[in-house]
Protein chains: 2
Amino acid sequence: MARTSAPENPAARSTGRRRSGRPGHDADSVLRVAARVFNERGYDGTSMEDLARALGVTKSAIYHHVSGKTELLSRSLDLALDALFAVTREEGATTGHAIDRLEHVMRGSVRVLVEELPHVTLLLRVRGNTEVEKRALERRRRFDHLIADLVREGVVDGDIRSDVDPAVASRLLFGMVNSIVEWYKPDRGLACEEIADALVRIAFEGMRAPKE
Amino acid sequence: MARTSAPENPAARSTGRRRSGRPGHDADSVLRVAARVFNERGYDGTSMEDLARALGVTKSAIYHHVSGKTELLSRSLDLALDALFAVTREEGATTGHAIDRLEHVMRGSVRVLVEELPHVTLLLRVRGNTEVEKRALERRRRFDHLIADLVREGVVDGDIRSDVDPAVASRLLFGMVNSIVEWYKPDRGLACEEIADALVRIAFEGMRAPKE
DNA sequence: TGTGTTACCGACCGTTCGTTCAGTAGACCG
DNA sequence: CGGTCTACTGAACGAACGGTCGGTAACACA
């Protein structure tokens, strides 16, 4: 099993100007790499040794930046959830018809999903094995409820078809959204908006060709 | 962490009449329980100790039935993939208009997914860490290609809208199908057909209420 | 040159992992 | 009863795991 690949360049600091002290990774760059590797091998399937290799340091160096593997998971999941909930607080998600708010949240979710791909991917794979994971699942469940409520409202408004259970519909809907993490490749391929367009079109109008 | 739960009853043999020898688990009942536990905790997150507890035996007993953890994964993944490919060979999936064949495969996939829930769930979570997982991913990719081809044919027939990329559409479509494993509970809740109906309706006609 | 600050190494610890093996236990049949 | 079949136990193995610790390396600024 060749687990080797080029180590991350620590010089690519996320924010602004240099700090004092020896150059290298900081907590943020470690988190970014960790999330990526967690996705490639799964959280449980990733050893601290794997992370160290990807970072180009020894594993003991990781503990200089974070308290342990659990904190890396926790911070990654919080980051994803914070971004998703931020969408639900945007103006387009709080004012207007339910169906339009739903579309706004869908497009916003696609955006978050693409921008924070590794973190959201990790979130969608959580099984609830530990306390950290259980907490994340609980927050995610609250997000899902917001969506289900929007669909219910849309049905009441007469904008969303009433012949499917809103709970099932909202789950299928975001099953479609979330599935993007399974195949989206940031570098090559479609841009965020194109995917969102295709998604919204299929979700609302369906795959069948419109009658002429 | 309380990892304890009632052990599986070995007496509930899957097939037919009793065999000779001491009663207990056999290879199939071990596989069934293993797939369930792999889903609850993730494959990498499940230890042989966890499996043994769920089976109500010591972990060394497991090696009487299977060669190791890898074989359990391998057999589970093959079982899921065999069932999915079987759908694509059914008559409804090989004759008729592409859009109807697509619907047949979608409904069949939902059926397989519900009937073999633990195995399919496991398949959808595979990351490709080992050779066994890589092989399963390869087979799954072939299945996905079949779907994409059906969508492309449907577009050529004029039955499926041409304003979305067939590759993206087919991925979103089966993202929706596959998301069912995330929330479907076999005991309580909807039956297999109801879900398939809702799925097909949303996928082909969309969520928006039809104009009257 | 020296001081503060940040980043890292290498050896090591206790635990848990998947796996092995020699021996034992229970049901059926004669 | 003995023979045969299948299912299981308990102790142990080496490897890999997450994590700790004392010491060191490289920068900025003075």
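Quick caveat: nothing in here was measured; it's all calculated off a predicted structure. Every chain is numbered from 1 and lettered A, B, ... according to where its sequence line falls, protein lines coming before strand lines.
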Residues two or more places apart in sequence or in another chain: which of them pass salt bridge (charged side-chain N to carboxylate O under 4.0 Å, His left out) with Glu131(A)? Lys134(A)
Could you list the protein-to-nucleotides 1-4 of chain D atom pairs, N/O on both sides, closer than 3.5 Å?
none

With sequence neighbours excluded, residues passing salt bridge (charged side-chain N to carboxylate O under 4.0 Å, His left out) with Arg201(A): Asp163(B)
Whole-Å gap separating P (dT16(C)) and CG (Asn129(A)): 16 Å
Using atom CZ of Arg22(B) as one end and atom C1' of dA27(C) as the other, report the distance to the nearest whole Å. 10 Å
Can you list every salt bridge (Lys or Arg N to Asp or Glu O under 4.0 Å) pair that touches residues 80-89 of chain A, not counting sequence neighbours? Asp82(A)-Arg139(A)
Would you mind reading off the distance between Asp50(B) atom CG and dG18(C) atom C1', rounded to a whole angstrom? 12 Å
Side-chain touch Phe38(A)/Leu51(A), heavy atoms, less than 4.5 angstrom: yes
In whole angstrom, give the distance that lies between atom CE of Met48(B) and atom P of dT15(C). 23 Å
Between Glu49(A) (CD) and dA11(C) (P), how many Å, whole number? 13 Å
Let me know the distance between CG of Asp44(B) and P of dA16(D), rounded to the nearest Å. 15 Å
Between dC9(C) atom P and Leu55(A) atom CG, what is the distance in whole Å? 10 Å
Qualifying residues under salt bridge (charged side-chain N to carboxylate O under 4.0 Å, His left out), relative to Glu116(A), sequence neighbours excluded: none
Could you pull out all residues at least two apart from Glu133(B) that satisfy salt bridge (charged side-chain N to carboxylate O under 4.0 Å, His left out)? none
Under the side-chain contact (heavy atoms from CB on, under 4.5 Å) test, which residues partner Glu115(B), sequence neighbours left out? Arg111(B)
Short side-chain N/O contact to dC9(C) OP1/OP2 from Thr58(A), under 4.0 Å: yes
Distance, rounded to the nearest Å, where Lys59(A) contributes NZ and dC17(D) contributes P: 8 Å
Closest approach to the side chain of Ser47(B), judged atom by atom: which nucleotide of dA26(D), dT9(D), dG18(C) is it? dG18(C)
With distance as the sole test, does Thr94(B) use its side chain to make a donor-acceptor pair with the main-chain N or O of Glu91(B) at under 3.5 Å? yes
Counterpart residues, ring pair (Phe, Tyr, Trp, His ring centres under 6.0 Å), relative to Phe143(B) (two or more places apart): Phe85(B), Phe174(B)
Tell me which residues in residues 60-77 of chain A lie within less than 4.0 Å of DNA chain D, going by non-hydrogen atoms. Ser60(A), Tyr63(A), Gly68(A), Lys69(A)
